[in-house]
Amino acid sequence: MKTETKCVHKGSYIDPKTGGVNTPIFTSSAFEYLGRNDQAYPRYFNTLNQDTVIEKVVALEGAEAGVLFGSGMAAISTSILTFIEPGDHLAVQAEIYGGSYSFVTEHLMPQGYDCTFTSTSAEAVIEACTERTKLIYIETPTNPLLSVVDIRKVSEFAKARGIVTLIDNTFASPILQNPYALGIDVVLHSGTKYLGGHSDLSCGIAVSSTANADKIRHKAKLVGGCLNAQDCYLLERSLKTLALRVERQSANAMEIATWLDASDAIANVYYPGLPTSPYHALAKSQMNDFGAMLSFELKSQPASDFMDRLKFIRPTLSLGGVESLICAPATTSHLYLTQEERDKLGISDKLLRLSVGIEHTDDLIADIKQAL
Ligand SMILES: *Cc1c(COP(=O)(O)O)cnc(C)c1O
């Protein structure tokens with residue numbers, strides 16, 4: 001099956017009683033177990049509604065198996081804890097989602113995990129590894145500056161050294177980037193973003209080989225964090241249009257980035273789709289398209305004034321929905337950093353991060369133009 005067909009059909013359960021084309025929502029948390037091979041239970045991560053969604057995402061990522069969670073952070077934290085013990089060394093890209101960064105600094109490091117934060121490149125991650133390194137954690141494209149890391153380079157090095165690799169693939173979605181095929185062990189998503197796509201549910205997923213998914217599921221049974229049947233259904237419904245949404249959103253983003261790049265009011269545009277981006281060639285080599293996230297720096301006006309004037313592009317924290325969403329990273333995702341840390345990462349007070357939706361680009365550009 002091709003991607004669009006997988007989105008619609010993979011994993012679907014046809015109810016034999018009615019022949020309905022949609023998977024029914026099985027609300028039970030208690031299931032009979034006598035005479036059955038598996039004991040189904042929501043926190044065993046093996047109910048029919050969970051399996052349906054997992055099968056679809058696993059097919060889209062080209063992996064073998066997966067575990068579905070109640071949030072992206074549940075998927076990320078559980079997966080990290082699956083592969084390391086206190087005392088182990090891990091190499092973590094510093095430019096990652098704020099919640100993942102805080103999980104490392106506020107949970108792992110105080111518990112005695114030995115972590116090295118690296119700058120944003122495959123070379124930097126590789127250089128940070130020692131004899132004791134058990135895990136590498138990367139994210140690409142990154143939040144909020146859309147830097148791109150060479151996935152093949154990281155995975156080839158890690159495989160040769162027996163180091164487990166985890167990637168946060170949220171920004172690209174399975175439509176644009178499939179790191180499992182490029183040799184990454186565990187691919188993570190905040191399904192709250194593109195997979196859900198309508199800003200109305202919270203979930204996360206980890207996909208990998210069957211052996212690694214079994215390990216993650218075992219840890220997940222201990223710490224919990226499962227998703228309920230109703231939200232599994234919402235997610236299944238959303239995934240059917242994932243390819244259409246992401247393709248349109250990416251095309252819109254390319255058009256807006258090009259427009260911003262030509263505008264006198266904008267100092268910088270960060271988008272790997274622009275031929276002038278230092279990441280353009282690398283992104284092209286490992287992504288199907290450049291995605292729908294972009295950032296830009298205003299020349300003079302404060303970010304908050306600009307956002308106040310926007311008519312329908314909404315200042316919000318999340319991303320990946322059908323509606324365009326904007327935020328100023330310095331006062332949201334990166335607020336917890338010191339000014340010095342923000343300067344070092346290149347996150348200025350005039351930086352805005354735009355999650356491009358499926359609206360018409362004429363309207364989106366008109367809204368940005370009048371706000372400028
Ligand atoms: C939102 C997000 C997360 C965390 O996901 P939640 O569903 O909010 O727990 C992780 N990584 C990235 C890149 C995100 O955007």
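Both counts, for ligands and for their atoms, begin at 1 and track the order of listing.
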Participant: Can you pull the salt bridge (Lys or Arg N to Asp or Glu O under 4.0 Å) pairs that have at least one residue in residues 209-220, sequence neighbours excluded?
Facilitator: D214-R217

Participant: Crowded around K369 NZ? As in, over 12 foreign heavy atoms under 6.0 Å?
Facilitator: no

Participant: Excluding sequence neighbours, so at least two apart, what forms salt bridge (Lys or Arg N to Asp or Glu O under 4.0 Å) with D363?
Facilitator: none

Participant: Are there over 12 heavy-atom neighbours, none belonging to F26, within less than 6.0 Å of that residue's CZ?
Facilitator: yes

Participant: Where does ligand 1 get N/O contacts under 3.5 Å from the protein, atom by atom?
Facilitator:
residue: ligand 1; atom: 5 (O); partner: S190; partner atom: OG; Å: 2.8
residue: ligand 1; atom: 7 (O); partner: G72; partner atom: N; Å: 2.8
residue: ligand 1; atom: 7 (O); partner: S190; partner atom: OG; Å: 2.9
residue: ligand 1; atom: 7 (O); partner: T192; partner atom: OG1; Å: 2.6
residue: ligand 1; atom: 9 (O); partner: G72; partner atom: N; Å: 3.0
residue: ligand 1; atom: 9 (O); partner: M73; partner atom: N; Å: 2.8
residue: ligand 1; atom: 11 (N); partner: D168; partner atom: OD2; Å: 2.6
residue: ligand 1; atom: 15 (O); partner: K193; partner atom: NZ; Å: 2.7

Participant: Answer yes or no: are there more than 12 heavy-atom neighbours, outside Q339 itself, under 6.0 Å from its atom CD?
Facilitator: yes

Participant: Please list every donor-acceptor pair under 3.5 Å in which a side-chain atom of residues 191-201 meets a protein atom from a residue at least two apart or in another chain.
Facilitator:
residue: T192; atom: OG1; partner: S190; partner atom: OG; Å: 3.4
residue: T192; atom: OG1; partner: C203; partner atom: N; Å: 3.2
residue: T192; atom: OG1; partner: C203; partner atom: O; Å: 3.2
residue: H198; atom: ND1; partner: G196; partner atom: O; Å: 2.9
residue: S199; atom: OG; partner: E323; partner atom: OE2; Å: 2.7

